[in-house]
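One structure is given here, and the rest of the page talks about it.
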Protein chains: 2
Amino acid sequence: MARVLKTADAAAPAADAPAAAAQGGQELSYGLLPQVLGYHLRRTQVAIFRHFSRTVAAAEDITPGLLGMLQVIAANPGLGQSRLAEAMEVDRSTIVKVVDQLEGRGLIVRQPSPHDKRSHCLRLTDEGRAALRRMQALMLQHEDEFTRVLTAEERRCLIDLLARLHGRTNPASRS
Amino acid sequence: MARVLKTADAAAPAADAPAAAAQGGQELSYGLLPQVLGYHLRRTQVAIFRHFSRTVAAAEDITPGLLGMLQVIAANPGLGQSRLAEAMEVDRSTIVKVVDQLEGRGLIVRQPSPHDKRSHCLRLTDEGRAALRRMQALMLQHEDEFTRVLTAEERRCLIDLLARLHGRTNPASRS
DNA sequence: TATTGTTATACTCTATAACTATA
DNA sequence: TATAGTTATAGAGTATAACAATA
């Protein structure tokens with residue numbers, strides 16, 4: 001578990017308005033927002049999504065969401081759609097279109113389950129495995145670029161703090 | 001600027017599939033995802049959004065986005081819509097509906113600008129100021145609850161790392 | 001010409017509810 | 001009864017393109 005070292009004490013910022021920020025070329029105030037975690041989370045997610053779009057998506061026409069699904073299917077061959085939905089914490093009905101898209105692009109197949117005629121077993125095709133390898137390489141490069149402003153330790157610490165907040169244990173930091 | 005102290009070296013996790021995770025009650029694998037910052041960002045944002053919905057939104061019928069806009073308007077009286085759009089990094093056309101909603105609820109007004117007949121000056125109403133005070137109190141409580149699993153230093157460190165990533169300077173940590 | 005606010009439109013992501021075929 | 005997948009539908013949230021009024 002990474003820990004954090006305080007160096008500079010964050011001076012409490014003035015929470016009120018900067019008199020006349022509205023007209024001139026002055027900088028405008030964000031009020032309490034800079035102290036709000038949710039604000040920084042959203043800003044960071046928008047930034048990383050745009051970086052992903054310019055790098056990974058530009059080359060491979062994929063979204064972070066679809067690539068995540070593809071990775072989970074690859075890591076769990078034969079997974080059913082309902083269990084995939086649970087894993088990604090989205091509704092079963094949302095998964096249908098995701099799987100439609102990945103199957104439509106020839107990256108995965110829906111196979112009939114040998115044990116349950118209602119269920120589909122999801123598996124990557126050969127093409128899907130090749131595409132995943134390419135996409136993962138691009139994605140790791142994109143993440144490296146995006147986090148270039150952080151040290152490796154800071155990056156690990158950040159992931160660790162986020163993992164603690166969203167509650168899923170982070171296998172990468174189990175000692 | 002907060003720094004980070006390494007304590008446990010994160011052992012590189014196996015990136016490949018866990019043989020037969022698909023059928024039984026076994027735990028399923030997330031592949032490379034636990035090493036991916038974007039994945040943890042999204043997960044955390046979903047978690048904090050749900051917490052916000054159960055706490056702040058349940059009491060005041062507001063979204064994080066609308067509350068953020070309200071705070072920026074409050075902090076910059078007389079702000080125009082285009083500058084608000086720039087500040088929040090969304091399109092001007094997106095702002096229109098946001099302002100419509102806030103105005104429709106009586107929280108802000110569009111006033112004609114004295115200097116530019118095209119432009120609207122956005123201002124909080126008395127009711128808007130009162131609502132903002134209530135909402136901010138709830139929001140700060142919500143953030144405290146959500147980050148209860150972190151120490152105050154860890155929370156500051158997290159915000160600092162995120163602020164560095166999305167590039168906006170974080171006024172709360174200027175020494 | 002450029003900018004402010006606006007409208008019409010569309011796209012993505014997501015959820016709810018109801019359906020079918022199994023179990 | 002309950003579950004797996006599906007469909008129809010709707011609601012956010014966002015963007016693009018074009019427009020009128022004004023700068």
Side-chain angles (χ1 to χ4, degrees), chain A residues 22-23 25 38-39 41-43 45-47 49-50 52-54 57 61-69 73 76 78-104 108-123, chain B residues 22-23 25 38-39 41-43 45-47 49-50 52-54 57 61-69 73 78-104 108-122:
Chain A
Q23 315 305 342
Y39 168 73
L41 278 172
R42 179 167 189 290
R43 267 273 151 80
Q45 224 202 342
V46 168
F49 179 82
R50 287 179 181 165
F52 184 101
S53 298
R54 285 197 307 272
D61 185 33
I62 194 83
T63 63
L66 282 181
L67 182 47
M69 299 282 183
I73 296 168
N76 304 274
L79 192 68
Q81 295 182 196
S82 288
R83 292 202 61 214
L84 177 59
E86 286 167 31
M88 303 306 272
E89 294 196 274
V90 293
D91 196 85
R92 285 173 5 250
S93 63
T94 303
I95 291 291
V96 175
K97 284 157 199 160
V98 169
V99 172
D100 283 350
Q101 287 181 74
L102 294 175
E103 194 178 35
I108 67 170
V109 286
R110 282 189 245 233
Q111 295 181 331
S113 165
H115 307 299
D116 185 339
K117 286 182 187 169
R118 298 169 302 178
S119 185
H120 295 162
C121 291
L122 304 177
R123 275 177 220 286
Chain B
Q23 316 305 340
Y39 168 73
L41 279 172
R42 179 164 191 290
R43 268 271 150 80
Q45 223 202 342
V46 169
F49 180 83
R50 287 179 181 166
F52 184 101
S53 299
R54 285 196 307 271
D61 185 30
I62 194 82
T63 62
L66 282 181
L67 182 47
M69 299 283 183
I73 296 168
L79 192 68
Q81 296 182 196
S82 287
R83 294 203 59 213
L84 177 58
E86 286 167 31
M88 304 305 272
E89 293 194 275
V90 292
D91 196 83
R92 283 171 11 247
S93 63
T94 303
I95 291 291
V96 176
K97 285 159 197 159
V98 169
V99 171
D100 282 350
Q101 288 182 71
L102 294 175
E103 195 177 34
I108 67 170
V109 286
R110 281 188 245 233
Q111 293 180 333
S113 165
H115 306 297
D116 186 337
K117 287 183 186 169
R118 298 170 302 179
S119 185
H120 294 163
C121 290
L122 303 177

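None of these values were measured; they are calculated from a predicted model. Reminder, nothing fancy here: chain letters follow the sequence lines and each chain counts from 1.
Side-chain atoms of A/Ser82 lie closest to D/dA4 of the nucleotides C/dT6, D/dA4, C/dT4.
With rounding to whole Å, B/Gln101 atom CD is found 11 Å from D/dT14 atom P. Per the geometry, CZ belonging to A/Phe49 stands 12 Å off P belonging to D/dT14, to the nearest Å. Protein atom CZ of B/Arg43 is 15 Å distant from nucleotide atom C1' of C/dT14, rounded to whole Å. The interatomic distance linking B/Ile62 (CD1) with D/dG13 (P) rounds to 10 Å, in whole Å. One can place CD1 of A/Ile95 at 15 Å from P of D/dT7, the figure rounded to the nearest angstrom. Atom CG of B/Leu102 is separated from atom C1' of D/dG13 by 15 Å (rounded to the nearest Å). The interatomic distance linking A/Met88 (CE) with C/dC13 (P) rounds to 12 Å, in whole Å. Residue A/Asp100 contributes atom CG, which lies 15 Å from atom C1' of C/dT14 at whole-angstrom precision.
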Counting primed atoms plus P, OP1 and OP2 as sugar-phosphate and everything else as base, spell out the protein contacts along nucleotides 15-23 of chain C at 4.0 Å heavy-atom distance: B, S or - for each nucleotide, 5' to 3'.
BBB---BBS

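A/Ala57 approaches A/Ile62 most closely through the heavy-atom pair CB-O, 3.3 Å. Residue A/Cys121 comes nearest to A/Pro114 through the heavy atom pair SG-CD, 4.3 Å, listed as atom of the first residue, atom of the second, then distance.
In terms of phosphate contacts, A/Ser119 brings no side-chain nitrogen or oxygen within less than 4.0 Å of OP1 or OP2 of D/dT3. Of the side-chain N and O atoms in B/Gln81, none sit less than 4.0 angstrom from OP1 or OP2 of C/dT3. Contact check, B/Arg83 against C/dT3: no side-chain N or O comes under 4.0 Å of OP1 or OP2. Taking 4.0 angstrom as the limit, B/Ser113 places none of its side-chain polar atoms (N or O) nearer than this to OP1 or OP2 of C/dT4.
Side chains of A/Val98 and A/Leu84 form no contact here, defined as non-hydrogen atoms less than 4.5 Å apart.
B/Glu103 meets the side chain to side chain donor-acceptor pair (under 3.5 Å) test with B/Arg110; sequence neighbours excluded. Residues satisfying the side chain to side chain donor-acceptor pair (under 3.5 Å) test with B/Ser82, not counting sequence neighbours, are none.
Note that CG of A/Leu66 and NZ of A/Lys97 are 13.0 Å apart. Values are rounded to the nearest 0.5 Å.
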In sequence, state the C-alpha distance, the side-chain angles, and the governing distance for B/Ile95 and B/Met69, and then conclude on side-chain contact (heavy atoms from CB on, under 4.5 Å).
CA-CA 9 Å; B/Ile95 291 291; B/Met69 299 283 183; 3.8 Å; yes

